[in-house]
There are 2 protein chains.
Amino acid sequence: MDVTTADGPAPRFNAFAASCPSRRLLDTIGNKWASLAIVALGLKGPMRFSELAARIEGVSQKMLTQTLRGLERDGLLTRTVTPSVPVRVDYELTPLGLSLLEPIRHLKEWAEAHMGEVDRARAEYDGAGA
Amino acid sequence: MDVTTADGPAPRFNAFAASCPSRRLLDTIGNKWASLAIVALGLKGPMRFSELAARIEGVSQKMLTQTLRGLERDGLLTRTVTPSVPVRVDYELTPLGLSLLEPIRHLKEWAEAHMGEVDRARAEYDGAGA
DNA sequence: CCGTATCCGCAGAGATACTG
DNA sequence: CAGTATCTCTGCGGATACGG
């Protein structure tokens, strides 16, 4: 989709432009359902479609399918279809997907440690404004 | 949207629901321009509005203003207005904002290390599909 | 120089119903 | 059970013009 940047031989990574890998990563894990799916699979191991749907609770079939497809495409998880009478599909993190749990954990830790401050700052800001 | 989690004593953080702090954090740093602004300020120290606009390059005034306001509201940066003849406004990360650079750095490192694999997986997936 | 206000277009999220 | 297809509608994001 991104044809904006010509086609340089990926000279450096520190670009602030859209071609930066970090930006693309944020598009993935910054996505509401994608991060939840990754964390869910990371905590519980392989899961079926309906398990994930129940676990995340709030996601629609469409969004879940779309999200999982994207993650599969990115090589973060595998999709295994067992053609039994009721079809069974299992999703499992690849090593690559598992490795992504680490930075996500750091994010989570920061959130748990500091979101209280953010809430306070927000309340104060809103209060002062009003 | 049930209000069951109205004001509990923050029992656990592992919720997959929207009330989880991690989710809210993702809303912030998952935002295209917010992360770039934070990283820019982290690398270069205090910056003026126009500096940021030039640095990020691609952001509109509206989006930049909106983003910076949001980050200010969250206590991640400070906004200092110097009422000179042409108004001068400086933005600077707070300690809280600086601390956020750490998990972001982890993300960046993962991206630089693994986005190549993601690209390959994506190419293979697309190729096999077609 | 910095910011606000307004309008508009479009991608994406959700609900629903159907197929294998 | 898992997934696709279709429709609608919100609201983000961009361009523009104006104010302090």
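A note on names: the letters A, B, ... follow the listed sequences, proteins ahead of strands, and every chain is numbered from 1. Just so it is clear, the model here is predicted, and its values are computed rather than measured.
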ask   = Rounded to whole angstroms, how far apart are NZ on B:Lys62 and C1' on C:dC2?
value = 17 Å

query = Is any side-chain N or O of A:Gln66 closer than 4.0 Å to OP1 or OP2 of C:dA13?
reply = yes

request  = Please report, rounded to the nearest Å, how far the P atom of C:dA13 is from the CG atom of B:Asp27.
outcome  = 13 Å

key: Euclidean distance, atom CG of residue B:Leu68 to atom C1' of C:dG3 [Å, nearest integer]   = 11 Å

message = I'd like the 5' and 3' limits of the part of DNA chain D contacted by chain B, with heavy-atom contacts below 4.0 Å.
response = D:dG13 to D:dG20

Euclidean distance, atom CE of residue B:Met63 to atom C1' of C:dG9 [Å, nearest integer] = 14 Å

query = What is the distance from CG of B:Leu64 to P of C:dA5, rounded to the nearest Å?
reply = 17 Å

query = Of A:Thr67, A:Leu41, A:Leu36, which is the lone residue that meets side chain to side chain contact (heavy atoms under 4.5 Å, CB included) with A:Leu52?
reply = A:Leu41

request  = In sequence, state the C-alpha distance, the side-chain angles, and the governing distance for B:Arg88 and B:Phe49, and then conclude on side chain to side chain contact (heavy atoms under 4.5 Å, CB included).
outcome  = CA-CA 8 Å; B:Arg88 176 201 176 101; B:Phe49 184 89; over 6 Å; no

request  = Tell me which residues in residues 82-94 of chain B put a heavy atom below 4.0 Å from DNA chain C, sorted by number, or none.
outcome  = B:Pro86, B:Val87, B:Val89, B:Tyr91

query = How many angstroms lie between atom NE2 of B:His114 and atom CD of B:Glu109, to the nearest 0.5 angstrom?
reply = 10.0 Å

ask   = Rounded to the nearest Å, what distance is computed from the CD1 atom of residue A:Ile56 to the P atom of nucleotide C:dA13?
value = 14 Å

request  = Would you indicate what B:Gln61 reaches in the nucleic acid, counting non-hydrogen atoms under 4.0 angstrom: base, sugar-phosphate, or nothing?
outcome  = base

task = Answer yes when B:Asp27 and B:Arg23 have at least one side-chain N-carboxylate O distance shorter than 4.0 Å, and no when they do not.
result = yes

A:Thr28 and A:Leu76, any side-chain heavy atoms less than 4.5 Å apart = yes

inquiry  = Restricting to side-chain hydrogen bond (donor to acceptor under 3.5 Å, both in side chains), what partner residues turn up for A:Thr80, sequence neighbours left out?
reply    = none

inquiry  = What is the separation between atom CZ on B:Arg69 and atom P on C:dC2, rounded to the nearest whole Å?
reply    = 13 Å

ask   = Near A:Arg79 CZ, under 6.0 Å, is it more than 12 heavy atoms from other residues, nucleotides or ligands?
value = yes

ask   = Where each residue is assigned the nucleotide of DNA chain D containing its nearest heavy atom, which of B:Ser60 and A:Arg48 is assigned the position nearer the 5′ end?
value = A:Arg48

task = Give the ring-plane orientation class for B:His106 versus A:His106, where under 30° counts as parallel, over 60° as perpendicular and anything between as tilted.
result = parallel

request  = Using a strict cut-off of less than 4.0 Å between a Lys/Arg side-chain nitrogen and an Asp/Glu carboxylate oxygen, indicate whether A:Asp90 and A:Arg48 qualify as a salt bridge.
outcome  = no

